[in-house]
Amino acid sequence: MLLWSLLVIFDSLTLVAPSSVFEGDSIVLKCQGVENWKIQKMTYHKDNKELSVFKKVSDFLIQSAVLSDSGNYFCSTKGNVFFWDKRSNIVKIKVQELFQHPVLTASSFQPIEGGPVSLKCETQLSPQRLDVQLQFCFFRENQVLGSRWSSSPELQIPAMWSEDTGSYWCEAETVTHRIRKQSLQSQIHVQRIPISNVSLETRAPGGQVTEGQKLILLCSVTAGTGNVTFSWYREATGTSLGMKTQHSLSAELEIPAVKESDAGKYYCRADNGHESIQSKVVNIPVRIPVSRPVLTLRSPGAQTAVGDLLELHCEALRGSPPILYRFYQKDVTLGNSSAPSGGGASFNLSLTAEHSGNYSCEADNGLGAQHSEAVPVSISGPDGHRRDLMTAGVLWGLFGVLVFIGVALLLYSLFHKISGESSATNEPRGDCRLNPQEFTYSSPIPKMEELQPVYVNVGSVDVDVVYSQVWSIQQPESSGLPSHLLFCEEIITLGGIRREDQQQGWGIIKTCHKTLCKCSRLITCHSHNMLQEPPPVIIFVLIMFLLQYLLLLINIH
């Protein structure tokens, strides 16, 4: 009886297990008190359920314990032919929680669209395992947020949008990846705000829009969430210049190189799905840099002289006002003049001998100065100036004298012709005879047959014009009569004078009185050369030629 009891004591089975177990720990169960040759198999049990069966003595290993591994464990063996079946003691194992299940918290579960949200995954380690390191990860609708796993239990989302509405949760796990726990899902709903206070601004280098430079049109809103669609328009045409959609309260439209035709009124619109809001109309002027100016010199005469007032006129054909003009002689500044409304400007200069040289001007409206080409000026001295004035005075004086002489000759010719015609028509026609009784001289008068013609006017008759035939009578000196007595005989003719008569009668006619020539028409002769008197037309042409010559000299001077 005593021997049997000793055999039972020495042949009993013992299950060895760790006394304290936390999540993630490895559990090793050892069934001791038997040798391999005594058994056919060894079995480990939990809560009366087989966990594992071995054909020899073996340990049972749980790699990473979880809370569900808690329970009552024991082992058993089935002996060979000469050995009994055995069963070990029961060992109760309780797996302790390493850290609590995380809880997801948010700064707001109904954030305003566009605003930030802070997420936090909160948990607590067991006091016995405070040295365990954990890492965290956040999720939205099965999508990982942030940079996946992080040692920080917080996640900052800078801006939440309407599409960010959904279910959120977080997970916490040990660094060794043995234990991972997930929080419950939480719903976050993003609130959208309508657009308000739309405005349009311009941004340009230097603060002013200049032709050829870049222009930025900035459209912004003070309130509004979600995807905002910005669009830009020109009021004159109403067509869209561009459109952008983005998560922002402002957007920019760039015009790379502004043209003069881009000046005008602009506005923009913003829309986030609630309502399209328009900004105020903004007038955008485009400033034009000045073009190269043109310098024009204006003086009183054709030549500049000392004492003249020289006007320097500078003008840039393009350029936004106001424009400041500067005038130069060589590199010396003479002065400046402003054109507030654009166009050109002038500068007056009283000339001296030192003012000869090259002149130029400069135009500047704050967008870059432009220089004109140099214009040379040559100035004559004061003597030459006075000489020119004197020459001009003399020429104008001669001009006046010639005009006076020409008019007088024309009037004389016309008067002489009219008086001759009137005397010829006032007397009746008749034969010309000498009346010796009317002479106070004592000498006899020669016979008519002895008279020789001095000149005779003959020709074809076109009109009723009266001419006379003049006869010369030679008298002795003691007679007391004139050296030549002229007798008139009326003839009707029109035409030229015979050349031989012209040569015969040249310079002979001295005087003719009606007392010496009693004709039906009285002829009064004057002491001038009637044979060589030029026609009035020739006189007029000659005078006009001299006048044109004088005018040419005056214009030259």
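Bear in mind the structure is a predicted one, so any value in this text is a computation, not a measurement.
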- Task: Compute both the distance and the angle, then confirm whether R269 meets the cation-pi test with F230: under 6.0 Å from the six-membered ring centre, within 45 degrees of the axis.
- Result: no

- In this structure, CG of L13 is separated from OG of S88 (nearest 0.5 Å) by 6.0 Å

- Task: Give a yes/no verdict on a cation-pi contact between K181 and F99, requiring under 6.0 Å between NZ or CZ and the six-membered ring centre and an angle within 45° of the axis.
- Result: yes

- Task: Compute whether any side-chain donor of one residue and acceptor of the other, for S167 and Q187, lie under 3.5 angstrom apart.
- Result: yes

- Message: So if I apply the side-chain hydrogen bond (donor to acceptor under 3.5 Å, both in side chains) rule between S220 and each of S199, S250, S279, S248, which one comes out positive?
- Response: S199

- Any chance NZ of K46 has more than 12 other-residue heavy atoms, nucleotides or ligands included, within less than 6.0 Å? yes

- Straight-line distance of L134 CG to S150 OG, nearest 0.5 Å: 12.0 Å

- What is the ring orientation for Y233 with Y267, classed by angle as parallel under 30°, tilted 30 to 60°, or perpendicular over 60°? parallel

- Note on the structure: Rounded to the nearest 0.5 Å, the CD atom of E252 sits from the NZ atom of K244 at a distance of 6.5 Å

- Would you please classify the geometry between the Y44 ring and the F54 ring as parallel, tilted or perpendicular, with 30° and 60° separating the classes? perpendicular

- Can any side-chain N or O of E171 pair as donor or acceptor with the backbone N or O of C137 at less than 3.5 Å? no

- Rounding to 0.5 Å, atoms NZ (K41) and OG (S58) come to a distance of 14.0 Å

- Give a yes or no on this: more than 12 heavy atoms of other residues, nucleotides or ligands lie within 6.0 Å of atom CD of E163. yes

- Give a yes or no on whether E254 atom CD has more than 12 heavy-atom contacts from other residues, nucleotides or ligands under 6.0 Å away. yes

- Report, as yes or no, whether the 6.0 Å neighbourhood of atom CG on N283 holds more than 12 heavy atoms from other residues, nucleotides or ligands. yes

- Message: For the CD atom of E311 and the OG atom of S346, what is their distance to the nearest 0.5 Å?
- Response: 4.0 Å

- Task: Would you indicate whether the side-chain heavy atoms of Y168 and V117 approach each other to under 4.5 Å?
- Result: no

